Each structure stands twice: as structure tokens, then as C-alpha cells.
2 protein chains.
Amino acid sequence: MTDRPHAADDSPELEDRDYVALASFRHALRHFLAFSEEAARAVGMTPQQHQAILAIRGLSPREGMTINDFAERMLLKQHTAVELVDRLEAAGLVRRARDAGDRRRALLTLTDRAGELLEALSRAHLAQIGRDAPQLIEILQRMSRKDGPARS
Amino acid sequence: MTDRPHAADDSPELEDRDYVALASFRHALRHFLAFSEEAARAVGMTPQQHQAILAIRGLSPREGMTINDFAERMLLKQHTAVELVDRLEAAGLVRRARDAGDRRRALLTLTDRAGELLEALSRAHLAQIGRDAPQLIEILQRMSRKDGPARS
DNA sequence: GCCAGATATATCGTATTACGATGTAATTCA
DNA sequence: TGAATTACATCGTAATACGATATATCTGGC
């Protein structure tokens with residue numbers, strides 16, 4: 001019921017530039033993600049498969065990773081992670097090995113092929129991030145410089 | 001056929017820290033996108049619907065946006081954009097108005113309800129970005145500081 | 001003024017994938 | 001030892017992006 005110039009709290013109205021900044025940020029993210037998706041598909045992987053082997057390589061490159069830890073890192077439900085691992089295994093990118101100490105656990109490790117493909121993808125991604133980072137950083141700083149919305 | 005210490009080109013081997021940085025970046029992105037998804041669903045929108053109205057608000061808040069421009073901005077195929085707009089219209093978030101000058105075109109504008117929901121979402125997102133930006137910027141700089149992969 | 005081609009939007013069938021609900025095997029501990 | 005817990009797996013369903021294709025409108029050359 002309060003009149004429009006102010007929201008319920010005392011924060012100032014959002015201005016056009018706030019929406020422009022948020023929209024630019026999302027556009028930049030979509031652009032990066034589209035690049036990444038295309039790069040993954042170009043080597044025969046789905047985007048999720050690429051993210052999956054990167055998560056394993058980045059977090060547990062040698063000792064192997066349980067499905068639960070993998071699900072948590074990927075922000076997926078446990079059974080969604082199981083299905084993703086099924087597809088990774090079928091694609092020859094990941095191996096399941098039962099943990100000898102606790103045979104409920106499946107430890108995930110990358111195949112050599114996954115390592116090679118991931119290395120090429122990672123080089124391409126680092127190069128792309130080198131190109132995109134300045135703009136992303138600029139937008140992030142523009143949005144977070146002030147903790148309220150836009151001023152002057 | 002070249003031995004492993006160097007790839008085909010002369011760039012140095014990727015190291016653990018390169019994979020850790022890339023994996024951390026993707027994890028931070030997933031974290032932000034999960035927040036955004038949850039925020040959108042909390043007000044009864046799908047994540048794509050939220051991104052859609054943000055794109056319209058950020059790019060053509062008053063004059064309206066054609067479906068083709070919308071598809072391009074969202075990095076979607078034209079007919080996928082049509083379907084998304086169908087759902088937005090059914091949800092009462094977007095209106096189609098035939099362009100009087102070129103009646104092939106549908107100009108998309110936001111409803112008042114979309115404007116109100118987007119404002120609340122945008123405040124929440126700016127706050128979240130205020131929290132996440134430092135880490136994101138740090139990782140981006142770490143990855144792009146050098147144009148090759150990690151060095152000491 | 002007419003029509004071939006171009007442009008803008010729309011429709012239909014399909015495939016992928018994430019999820020809720022649920023099941024099974026292994027482990028823990030009172 | 002057996003009830004509860006933990007870890008992984010299976011099945012059916014829903015959402016959505018896409019390729020292929022259709023329809024309506026506009027444009028330029030004649």
C-alpha cells in the first residue's frame with residue numbers, strides 16, 4: 001500500500017542501470033557457458049560430463065571420490081549423480097571402484113582418455129576466461145561496489 | 001608422439017592448481033546459479049522465466065522486444081524462445097503485442113506483476129552478488145593473471 | 001500491382017536429464 | 001545380533017531445448 005517511490009524497506013528504488021548490469025552479467029554468463037558447452041560437445045561430451053570430470057580432477061585427482069561427495073560438489077541430488085556417473089562410465093570417462101574398506105562406497109577415478117580430453121578443454125577454457133574475465137570482473141565490481149543499488 | 005612433459009604446442013603442462021582453479025570457478029558459478037534458481041522458484045518462476053524478464057527489462061524496458069532479439073539475447077533458438085514466451089504469457093509475466101508497422105513482429109513487454117517480482121528478485125541477486133563477487137573476482141584474476149596456465 | 005524470395009513467428013515430435021519415491025546392500029552400535 | 005543408518009541404485013515422470021517444418025507478412029524487381 002505504500003506509494004511507489006520507495007519499497008517496503010528504506011533501500012532506494014532500483015534504476016535502469018541496475019537491471020542493465022544484472023542483465024549484462026547474466027548475458028556474459030550465458031556466453032561463457034555456451035562456449036563451454038560447445039567445447040565439450042566438440043570432443044563428444046555433454047556439458048555435465050565435462051563439469052563432472054573437472055570436479056573429480058580438481059577435488060580428488062588421485063584418491064577417488066565417492067558418489068555422495070561428487071553429488072554435493074555438483075549440487076545434484078545423490079541419485080542424479082548416480083545417473084551422471086552411469087553415463088560417464090558408459091562413455092569411458094570414469095571408473096567406479098568399490099572401496100575395499102567400506103564396500104558401500106564407489107570411488108570415482110578418471111580414465112586416461114578423460115584426463116587427455118580434460119586437459120585440452122581446460123586449456124581452451126583458460127584461454128576463454130582470459131578473454132572474458134576483464135568484462136566479468138568489471139560488471140561484478142560495478143554491481144558490488146556499493147552494497148545498495150546504483151548511485152551516481 | 002611427443003613425450004608427455006610438453007603438449008603439442010609449447011605451453012607448459014597444466015598443473016593441479018589450474019584444475020583446482022577451474023573447478024572452483026565452476027563450483028562458484030553453480031552456487032550462484034543455484035541461489036538464483038531457488039530465488040526464482042520461491043516466487044513461482046522457473047529460472048529461465050526469471051532470466052527472460054531480466055533480459056527484457058535490461059534491454060528494452062519500454063519499447064518492447066521482438067522474439068528474434070529476445071532469442072539472440074538469451075542465446076536460444078528462435079523457436080525455443082517462442083515456447084519460453086508462450087509460458088511467460090501463460091504465467092502473466094509478459095505480453096505480446098503485434099507491431100503495427102510490421103505485423104509479423106510480436107513486441108514483448110513486461111506486466112506489472114513481472115516488474116514487481118523482478119524488482120524483489122533483483123534486490124536479492126544484488127545482495128548475493130555482493131557476497132559472492134570477491135571470491136569470483138579472485139578466482140577470475142588467478143586464472144587470467146597469466147595468459148598461460150599456472151606458474152609459481 | 002504481382003509474385004518470388006526473404007523474414008518473423010509458430011507448431012509438432014523427440015531426446016535429454018533432473019527429480020521424487022522407493023529399493024537394496026553394507027556398516028554401526030546399543 | 002538386529003534396528004537404525006549410510007551409500008548407492010532403479011524406475012517412472014516432468015520440464016525444456018532442439019530439428020524439421022509450417023504459416024503469415026513484408027520487400028524488391030519487373
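Predicted model, so just to flag it, every value in this text is computed and none were measured. Heavy atoms only: backbone and side chains are in, while hydrogens, waters and symmetry mates are out. In what follows, chains carry the letters A, B, and so on, assigned in the order in which the sequence lines appear, proteins first and then strands, with residues in each chain numbered from 1.
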Among side-chain atoms of A:Asp132 and A:Gln128, is any donor-acceptor pair under 3.5 angstrom?
-> yes

Roughly, in whole Å, what's the span from CD in A:Glu37 to C1' in D:dT16?
-> 13 Å

Donor-acceptor contacts under 3.5 Å from residues 56-63 of chain A side chains, at least two apart:
from: A:Arg57; atom 1: NH1; to: B:Asp16; atom 2: OD1; distance (Å): 3.1
from: A:Arg57; atom 1: NH2; to: B:Asp16; atom 2: OD1; distance (Å): 3.0
from: A:Arg62; atom 1: NH2; to: B:Asp16; atom 2: OD1; distance (Å): 2.9
from: A:Arg62; atom 1: NH2; to: B:Asp16; atom 2: OD2; distance (Å): 2.5

Quick one: is A:Arg87 getting a side-chain N or O under 4.0 Å of the C:dA18 phosphate, OP1 or OP2?
-> yes

Interatomic distance where CG belongs to B:Asp99 and C1' belongs to D:dC26 [whole Å] = 12 Å

B:Phe25 vs A:His125, ring pair (Phe, Tyr, Trp, His ring centres under 6.0 Å): CA-CA, chis, key distance, verdict = CA-CA 11 Å; B:Phe25 181 57; A:His125 277 70; 9.4 Å; no

Can you tell me how far CD of B:Gln51 sits from CZ of B:Arg73, rounded to the nearest 0.5 angstrom?
-> 11.0 Å

Under 3.5 Å, side-chain donor or acceptor atoms of residues 80-88 of chain B against the rest of the protein: list the pairs with distances, not counting sequence neighbours.
from: B:Asp86; atom 1: OD1; to: B:Arg96; atom 2: NH1; distance (Å): 3.1
from: B:Asp86; atom 1: OD1; to: B:Arg96; atom 2: NH2; distance (Å): 2.9

Comparing nearest nucleotides in DNA chain C, the 5'-proximal residue of the pair A:Gly101, A:Arg41 is A:Arg41

Please state how far atom CG in A:Leu84 lies from atom P in C:dC19, giving the value in whole angstrom units.
-> 11 Å

Separation of D:dG12 atom P from A:Lys77 atom NZ, nearest Å, is 22 Å

Quickly work out the B:Met45 CE to D:dA15 P distance and round it to whole Å.
-> 17 Å

Can you tabulate the close N/O pairs, meaning under 3.5 Å, that link protein atoms to atoms of nucleotides 8-12 of chain C?
from: C:dT9; atom 1: OP1; to: B:Ile67; atom 2: N; distance (Å): 3.3
from: C:dT9; atom 1: OP1; to: B:Ala106; atom 2: N; distance (Å): 3.1
from: C:dT9; atom 1: OP2; to: B:Asn68; atom 2: N; distance (Å): 2.9
from: C:dT9; atom 1: OP2; to: B:Asn68; atom 2: ND2; distance (Å): 3.4
from: C:dT9; atom 1: O3'; to: B:Arg98; atom 2: NH2; distance (Å): 3.2
from: C:dA10; atom 1: OP1; to: B:Arg96; atom 2: NE; distance (Å): 3.0
from: C:dA10; atom 1: OP1; to: B:Arg98; atom 2: NH2; distance (Å): 3.0
from: C:dA10; atom 1: OP2; to: B:Arg96; atom 2: NE; distance (Å): 3.4
from: C:dA10; atom 1: OP2; to: B:Arg96; atom 2: NH2; distance (Å): 2.8
from: C:dA10; atom 1: N7; to: B:Gln78; atom 2: NE2; distance (Å): 3.1
from: C:dA10; atom 1: N6; to: B:Gln78; atom 2: OE1; distance (Å): 3.4
from: C:dC12; atom 1: N4; to: B:Glu83; atom 2: OE2; distance (Å): 3.1

Spacing of B:Glu72 atom CD relative to C:dT7 atom C1', expressed in whole Å = 14 Å

Give a yes or no answer on whether the side chain of B:Ser36 reaches the backbone of B:Phe32 with a donor-acceptor pair at less than 3.5 Å.
-> no

